[in-house]
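Below, chains carry the letters A, B, ... as their sequence lines are ordered, and counting in each starts from 1. Since we're looking at a predicted model, the values are computed, not measured.
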2 protein chains.
Amino acid sequence: MLSHTGRYAIRILGHLADHPGEMLSGTEIAGATRIPANYLAKILNQLRKRGFVESQKGWGGGFALRPAVLGVPIADVIDLFEGPQDHSGCVFELRECDGQHPCPLHEHWEKVRTSYREMLSSITIGNLATSRAP
Amino acid sequence: MLSHTGRYAIRILGHLADHPGEMLSGTEIAGATRIPANYLAKILNQLRKRGFVESQKGWGGGFALRPAVLGVPIADVIDLFEGPQDHSGCVFELRECDGQHPCPLHEHWEKVRTSYREMLSSITIGNLATSRAP
DNA sequence: AACTCCACGGATGAGTATATGCGCTGAGTA
DNA sequence: TACTCAGCGCATATACTCATCCGTGGAGTT
């Protein structure tokens, strides 16, 4: 349902959202998020190519969140790493499960899936920042 | 959230529940459930050790559901193959997430998790059988 | 007893997600 | 220009799940 990589991506974006406007080096992010540095580079690269993040090479360089993406739902991020996810079939693929012959789990799973997708689409990247109460 | 193996186990039990009292050979079950025969044997073995299934060696032998387990929730089966699942932490492990400082996703995920566990505990192995309306 | 069916078990292989290493290049500094 | 920092990309290693192979032995048949 959620790969390690997807989790990482969210954690990275959360960390970046905590430091708006700042350029954070890969090593810094790796340390803060506890993600292996080399692997993190790969993830950040994909995030960059998809426009979630901007990067700066050289001395003082690093990564920063693109301000424009603060409002986009994290579903977009997840989809990037998990692929489009075909949940057309039923969880347990118990047997043919369509409208006519729903398996005993059909409705239940529908509920789970819905609340999951709802979570992903209602939370934005901006929301990932730690909201420090005043 | 759910491994291939766990799915298989449910499918197997569903098939056995469809044929109560019958001894089905491994090959038969493999064919019906589309699970690789050799791998299926392993899963059935674990199910046997845990008392979900009884087996009969030799000619005419095979596997059958233990009648007593018709009422047990499929959560027990899943737990057997997925391990106890420690969902104590939050999905994205975004950072420290406890009652005091819940992460932005905390409540949402709680809802997802609850409806999932509810599904697993409200459906019994007996429910997996195809209920053919008269 | 010889034979066949089929569950059991350990060892081994394939595939994929995860993780690492290393050399390259651009960007700033002295 | 020489030097260092840090992103970039490719090739490779590790881990884990999923799957297969092969041999053993019990249970019934002839």
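In this structure, B/T27 reaches neither bases nor backbone, as no heavy-atom distance under 4.0 Å exists between it and the strands shown. Note on A/F81: nothing from the nucleic acid sits closer than 4.0 angstrom, heavy atoms only.
Atoms CG (B/L47) and P (C/dC8) sit 11 Å apart, rounded to a whole Å. Rounding to whole angstrom units, CD1 of residue B/I43 and P of D/dC18 are separated by 9 Å. To the nearest angstrom, P of D/dC8 lies 13 Å from CD of A/Q46. Following rounding to the nearest Å, A/L16 (CG) and D/dG7 (P) show an atom-to-atom distance of 11 Å. When the C1' atom of C/dC8 is taken as reference, atom CG of B/L44 falls 12 Å away, rounded to whole Å. A straight line from CE of B/M23 to C1' of D/dG26 spans 14 Å, rounded to a whole angstrom. Here C/dG13 presents its P atom at 18 Å from OH of B/Y39, a figure rounded to the nearest Å. Rounded to whole angstrom, the span from the CG atom of B/L40 across to the P atom of C/dA7 amounts to 9 Å.
Heavy-atom distances to DNA chain D give each of A/K42 and A/G60 a nearest nucleotide, and the one nearer the 5′ end belongs to A/G60. Annotation: of the two residues near DNA chain D, A/G61 and A/N38, the 5′-most nearest-nucleotide partner is A/G61.
Side-chain atoms of A/T124 and A/L70, non-hydrogen and from C-beta on, never get closer than 4.5 Å to each other. Here the side chains of A/L105 and B/L128 are in contact, with some heavy-atom distance below 4.5 Å.
Nearest to the side chain of B/W59, among D/dC8, C/dC5, C/dG28, sits C/dC5. Closest approach to the A/F63 side chain among D/dC8, C/dT18, C/dC6 is made by D/dC8 (side chain taken as heavy atoms from C-beta onward). Checked against D/dA19, D/dG7, C/dA19, the side chain of A/H4 finds its nearest nucleotide in C/dA19. Set against C/dT29, C/dA19, D/dA6, the side chain of A/S25 has D/dA6 as its closest nucleotide.
Of the side-chain N and O atoms in B/R48, one or more sit less than 4.0 angstrom from OP1 or OP2 of C/dG9. Distances shorter than 4.0 Å separate some side-chain N or O of B/N45 from OP1 or OP2 on C/dG9. Side-chain nitrogen and oxygen atoms of A/Y8 include at least one within less than 4.0 Å of the OP1 or OP2 phosphate oxygen of C/dA19. Between B/S55 and C/dC6 there is no side-chain N or O to OP1 or OP2 distance below 4.0 Å. For C/dT18, the OP1/OP2 oxygens have a side-chain nitrogen or oxygen of A/T5 closer than 4.0 Å. Between A/R34 and C/dA19 there is no side-chain polar atom (N or O) within less than 4.0 angstrom of OP1 or OP2.
Minimum interatomic distance between A/H15 and A/A32 (heavy atoms only, all atoms of both residues): CE1-CB, 3.3 Å.
A/D79 places no side-chain N or O within donor-acceptor distance of the main-chain N or O of A/D76, the cut-off being under 3.5 Å.
Between atom CZ of residue A/R66 and atom CZ of residue A/R48 there is a gap of 10.0 Å, rounded to the nearest 0.5 Å.
Side-chain contact, B/S3 with B/Y8: no donor N or O sits under 3.5 Å from an acceptor N or O.
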